[in-house]
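A quick note: this is a predicted structure, and the numbers were derived from the prediction, not measured. Only this structure's heavy atoms are used, side chains among them; waters, hydrogens and symmetry mates stay out.
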Amino acid sequence: MTGVYKVAEWIMRFSVVNLLWLAFQLPIVFLVLGALFTEGRSIPLLFTLIAILMPFLLFPATAAMFASVRDWIVDREQKSIMQAFLRHYRDNYKVSMKIGFLLTPLWAIMIADVVYLQADHTVLLFAFIVFGVVLYVYTLTVMSVMVHYAIAIRAVLKKALFLTFGSPVLFLGTIGTSFLIIYVSVNGLPFLLLFFTGSMISFITFSLFYRIYQNLTKSGG
């Protein structure tokens, strides 16, 4: 029964945090769904609205999610999953919003170029896809560094950049697990998007980061 309880507890943790993450960026969720099922002139407007909202909604919600899974990994007690998420959201809001203002333009450029270069410029399309992959890993690493270190934003960005390009394990692990989780979520088990996808990716990403952090600490890095 202890094993069953532990499994149920972890399922609840992942699902509650994932639902909270989506709830705190609900306008963006609706806009993304609208962009997926809309064609024509309204798409640029939807993407513009998403980009405007990202620093205010997506980045703070993602920071709260990463801080929540960090509590689990470092074995920090949580009396309530929801209260912990809300506390992390409040405590990290300003910093994560500022980081969002810095990274959102890069995401907007990448997505716009991929969308508009789909058929005409294969080489440029490939280059922007590679850029998008690197930006994805870098963004998740920024979240891990931000919720773990009490350092300035410039130091967060610098340390995350070093880890993104300096740790093949972190880079390949983040890409490989994210691709697998997203692929299964989209093509096989869509309910994962609602209950597990975001929280599972953040948990695995921070786990990889934390292992590197522990190794650096032991070696004095």
Side-chain angles (χ1 to χ4, degrees), residues 10 13-14 16-18 20-22 24-25 54-107 110 131-178 181 197-221:
W10 279 97
R13 284 180 174 182
F14 281 111
V16 170
V17 167
N18 202 84
L20 288 170
W21 175 63
L22 293 173
F24 274 73
Q25 52 166 326
M54 281 176 64
F56 301 101
L57 299 179
L58 174 62
F59 279 87
T62 303
M65 177 171 64
F66 267 80
S68 296
V69 302
R70 176 189 179 273
D71 288 347
W72 310 341
I73 292 170
V74 302
D75 201 22
R76 180 180 180 183
E77 183 180 356
Q78 289 182 339
K79 294 182 178 180
S80 166
I81 298 174
M82 181 175 293
Q83 288 180 0
F85 187 95
L86 293 173
R87 184 181 70 252
H88 291 312
Y89 186 87
R90 181 187 65 247
D91 293 345
N92 293 296
Y93 187 86
K94 289 184 179 180
V95 175
S96 58
M97 181 182 66
K98 292 177 182 178
I99 289 175
F101 278 121
L102 295 173
L103 296 184
T104 295
L106 299 177
W107 276 104
M110 187 276 297
F131 172 69
V133 170
V134 174
L135 182 59
Y136 173 80
V137 176
Y138 178 66
T139 302
L140 296 188
T141 306
V142 166
M143 292 290 106
S144 296
V145 173
M146 188 197 74
V147 301
H148 192 66
Y149 291 97
I151 54 179
I153 292 177
R154 180 178 294 183
V156 169
L157 298 175
K158 183 178 179 180
K159 189 176 289 289
L161 190 65
F162 168 77
L163 290 171
T164 299
F165 290 101
S167 175
V169 173
L170 177 64
F171 190 95
L172 296 176
T174 300
I175 287 298
T177 54
S178 295
I181 292 171
T197 301
S199 55
M200 288 177 66
I201 289 175
S202 62
F203 181 84
I204 294 172
T205 301
F206 189 86
S207 297
L208 292 169
F209 159 80
Y210 190 62
R211 177 169 293 185
I212 295 170
Y213 164 79
Q214 288 179 310
N215 291 335
L216 289 174
T217 302
K218 290 178 182 177
S219 63

Mind checking whether [X] and [Y] have side chains closer than 4.5 Å, heavy atoms only?
X    : Y    : value
F209 : T174 : no
K158 : F162 : no
R13  : S199 : no

Shortest non-hydrogen separation from [X] to [Y] and the atoms involved:
X    : Y    : result
F131 : M110 : CD2-CG, 3.7 Å
S68  : Q78  : O-NE2, 3.4 Å
M82  : L20  : CA-CD1, 3.9 Å
I151 : K159 : CD1-CE, 4.2 Å
L208 : G173 : CD1-C, 3.6 Å

Return the set of residues passing side chain to side chain contact (heavy atoms under 4.5 Å, CB included) with [X] (not counting sequence neighbours), or none when no residue passes.
X    : result
L172 : none
I153 : V95, K98, I99, L102, L157
L161 : Y138, F165

Identify all side-chain donor-acceptor contacts of residues 54-63 below 3.5 Å with residues at least two apart in sequence or on another chain.
| from | atom 1 | to | atom 2 | distance (Å) |
| --- | --- | --- | --- | --- |
| T62 | OG1 | W21 | NE1 | 3.1 |
| T62 | OG1 | L58 | O | 2.7 |

Audit row: V142, V145, side chain to side chain contact (heavy atoms under 4.5 Å, CB included) steps and yes/no | CA-CA 5 Å; V142 166; V145 173; 5.9 Å; no
Taking only residues two or more places apart in sequence, or in another chain, which ones meet Y149 in a ring pair (Phe, Tyr, Trp, His ring centres under 6.0 Å)?
->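 Scan of Y149 (ring pair (Phe, Tyr, Trp, His ring centres under 6.0 Å), adjacent residues dropped) gives Y213.
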Find the distance between [atom1] ([X]) and [atom2] ([Y]) and round it off to the nearest 0.5 Å.
X    : Y    : atom1 : atom2 : result
T205 : L140 : OG1   : CG    : 4.5 Å
I212 : L170 : CD1   : CG    : 4.5 Å
R70  : S144 : CZ    : OG    : 10.5 Å
R211 : S167 : CZ    : OG    : 11.0 Å

Side chain to side chain contact (heavy atoms under 4.5 Å, CB included) between L106 and T139: does it pass, once the steps are laid out?
-> CA-CA 11 Å; L106 299 177; T139 302; over 6 Å; no
Just say parallel, tilted or perpendicular for the rings of Y93 and Y89, cut-offs at 30° and 60°.
->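 Correct class here is tilted.
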Within the side chain of S178, is there an N or O that forms a donor-acceptor pair under 3.5 Å with the backbone of I175?
->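 No: the side chain of S178 does not pair with the backbone of I175.
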So, N18 side chain and G198 main chain: donor-acceptor pair closer than 3.5 Å or not?
->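 Looks like yes, one N/O pair under 3.5 Å.
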Might you work through the side chain to side chain contact (heavy atoms under 4.5 Å, CB included) test for F206 and V147, ending with a clear yes or no?
-> CA-CA 10 Å; F206 189 86; V147 301; 3.9 Å; yes
Looking at the rings of W72 and F14, which for Trp means the six-membered one, are their centres under 6.0 Å apart?
->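 They qualify: ring centres under 6.0 Å apart.
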Could you list all the salt bridge (Lys or Arg N to Asp or Glu O under 4.0 Å) pairs where at least one residue sits in residues 72-83, not counting sequence neighbours?
->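 Only D71-R76 qualify under salt bridge (Lys or Arg N to Asp or Glu O under 4.0 Å).
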